[in-house]
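Keep in mind that the numbers below use all heavy atoms, side chains included, and drop hydrogens, waters and symmetry copies. The structure displayed is predicted, hence computed values, not measured ones. Note that ligands are numbered from 1 as they come in the structure, with each ligand's atoms numbered from 1 the same way.
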Amino acid sequence: MRYGSTRGAAAPRAFDGVLLAGLAEDGGLFVPESWPVFSPAEWRAMRGLPYASLAARVMEPFVCGGAVTFADLQAMCRAAYRPFDHAAVVPLVQLDHDLFALELFHGPTLAFKDLALQLAGQLFDHVLQARDERVTIIGATSGDTGSAAIEACRDRARVDIAILHPLGRTSEVQRRQMTTVLAQNVLNIAVQGTFDDCQDLVKAMFADAPFRDEVRMSAVNSINWARIAGQIPYFVAAALALGAPDRPVAVSVPTGNFGNVLAAWAARQMGLPIERFIVGSNSNDILSRFLANNDMRMAGVIETVSPSMDIQVSSNFERLLFEFLHRDATATAQIMADFRATGQMAVPEPVWQAVRREFTGFALDDDATLAEITRIKQDYGYIAEPHTAIGIAAARACAPIGLPVIAAATAHPAKFPDAMERAIGIRPGLPTRLAHLYDRPEQFHRAPAALADIETMIRRFANRNSV
Ligand SMILES: *Cc1c(COP(=O)(O)O)cnc(C)c1O
């Protein structure tokens, strides 16, 4: 499989090039040049496979052919999903006649990002080994992504990872999940500033070509195609369990950067009858406003009880736009340039209508989210954290009659104890694997939000590890 940019001005690459590059050099996102399609018989033959085998089968057309063989991919999937706490890896829990929670939080850091990142860590090592190269992965986090990325890269032979978090602005669970990993190849930097400062610093490092080349900078943020690929298999597993390809289904996904719901849509492109995509948001509801009235307008980020969705611009939306513009990269580049310049995006009316035939938006503010957590516990006896609760509420409000709905349960309730206590008076306990999180020593470096200081720190760290 080869990949091209949504903006059409980057050289096409194979999977390993896409994995290492992340963003395309024209500012666009890599997309597969065509969608692999499985026949109904091929889908049926995947029913009942263990999750790691299913995942390898679904990802094979995206990943294999160059540096990664199918046998390699199978071995990496087994290793990636072995540390999960549930034998089914992604269990599907029935809440109501036609409503199912797809639990994606049984991995090492208790959020769905582990599914793709545990595998991405393996893929990085494998591809770098074949090329005899090393990289330094640099990222900014407000919480979930950083811990999942560190957990995926700890102790890998060819990867160093430096993660910037805003000092004192992540939850204690989130911080400790990062800072108690005492591996030689992990550097935690607590920046005196906000998450936006952290993200700006990472962008500035990417723009600093001598620095970028010296440390061989790379990224694992959610625009990396490997992240999307690693999220397709669980939607496939759930749809097959509910009767696809012989029965249509719907999905409901609490959405921030649009990566998870895009992975579900990819499964549809591959031939599964997922007939409706319900997109849940918190008060940062730019996507649901777009779906309601074709008006995508940037506003300031509002802090909510579902912090992993406190995002204004959903980067992965560009991939969907590109597809609905019939893969017209020139038109995509133009719309994205206008959006950047004006803070506003309106897509051509027929394109918007086509998107609306598949996608429905839904948003809840914090009070409604907490009320929903209470209602879900009352109605189903199910404990849902704030992001998951928004997805379940969206499924209840927007699901077409007669279609079973898969609601993505994206995090474990123990990650958000304050919100859970406010909603239902319970602070959910951490699973056994994290029971000692509060006793373990932490290690992190403080730094001012100044590019030169942080580059020096990372340079020293990367050089130490490459000798
Ligand atoms: C990252 C995250 C989301 C948002 O997912 P996107 O792929 O960015 O849309 C939702 N819920 C939780 C718990 C997350 O960590």
So is Ala411 polar-close to ligand 1, meaning N/O to N/O under 3.5 Å?
-> no
Mind checking whether Asn260 has an N or O less than 3.5 Å away from an N or O of ligand 1?
-> yes
Nearest protein heavy atom to atom 1 (C) of ligand 1, by residue and atom, and its distance?
-> Lys113 NZ, 1.4 Å
Identify the closest protein heavy atom to atom 10 (C) of ligand 1: which residue and atom is it, and at what distance?
-> Pro254 O, 3.6 Å
Atom 11 (N) of ligand 1: the protein heavy-atom neighbour that sits closest, reported with distance to 0.1 Å = Thr410 OG1, 3.0 Å
Should the proximity of Phe112 to ligand 1, defined as any heavy atom under 4.0 Å, be assigned to the side chain, the backbone, both, or neither?
-> side chain
Near His387 (heavy-atom distance under 4.0 Å), the atoms of ligand 1 are 11 (N), 12 (C), 13 (C)
Which atoms from ligand 1 have a heavy atom of Thr255 less than 4.0 Å away?
-> 9 (O)
Residues Phe416, His387; criterion ring-ring contact (aromatic ring centres under 6.0 Å, His included); working and verdict = CA-CA 10 Å; Phe416 303 97; His387 308 78; 4.9 Å; yes
Atom 8 (O) of ligand 1 [closest protein heavy-atom partner, distance rounded to 0.1 Å] | Asn257 N, 2.7 Å
For Asn185 and Val159, indicate whether the former's side chain and the latter's backbone hold a donor-acceptor pair under 3.5 Å.
-> yes
Between Glu303 and Arg169, does at least one N-O distance fall below 4.0 Å, as a salt bridge requires?
-> no
Contact check: Gly259 vs ligand 1, nitrogen or oxygen atoms, below 3.5 angstrom | yes
So is Phe105 close enough to ligand 1, meaning a heavy atom under 4.0 angstrom away?
-> no
Can the ring centres of Phe84 and Tyr51 be said to be less than 6.0 Å apart?
-> no
Donor-acceptor contact below 3.5 Å, side chain Ser288 vs main chain Gly361 = no
Close aromatic pair by centroid cut-off 6.0 Å: Phe38 and Trp43 | yes
Check for a donor-acceptor pair, side chain of Ser306 on one end and backbone N or O of Pro386 on the other, with a separation under 3.5 Å.
-> no
Is Ser222 near ligand 1, meaning one of its heavy atoms is under 4.0 Å from it?
-> no
Given the rule in the side chain to side chain donor-acceptor pair (under 3.5 Å) test, do Trp265 and Glu323 qualify, once you have shown the distances and angles that lead to the verdict?
-> CA-CA 11 Å; Trp265 189 79; Glu323 297 286 350; over 6 Å; no
Are any of the N or O atoms of Asp144 closer than 3.5 Å to those of ligand 1?
-> yes
Which residue owns the protein heavy atom closest to atom 9 (O) of ligand 1, what's the atom, and how far is it?
-> Gly256 N, 2.8 Å
Arg356 to Trp352, cation-pi by 6.0 Å centre distance and 45° axis angle = yes
Tyr438 and Val173: CA distance, side-chain angles, deciding distance, side chain to side chain contact (heavy atoms under 4.5 Å, CB included) verdict = CA-CA 8 Å; Tyr438 287 91; Val173 176; 3.2 Å; yes
Just distances here: any N/O of Phe258 and N/O of ligand 1 closer than 3.5 Å?
-> yes
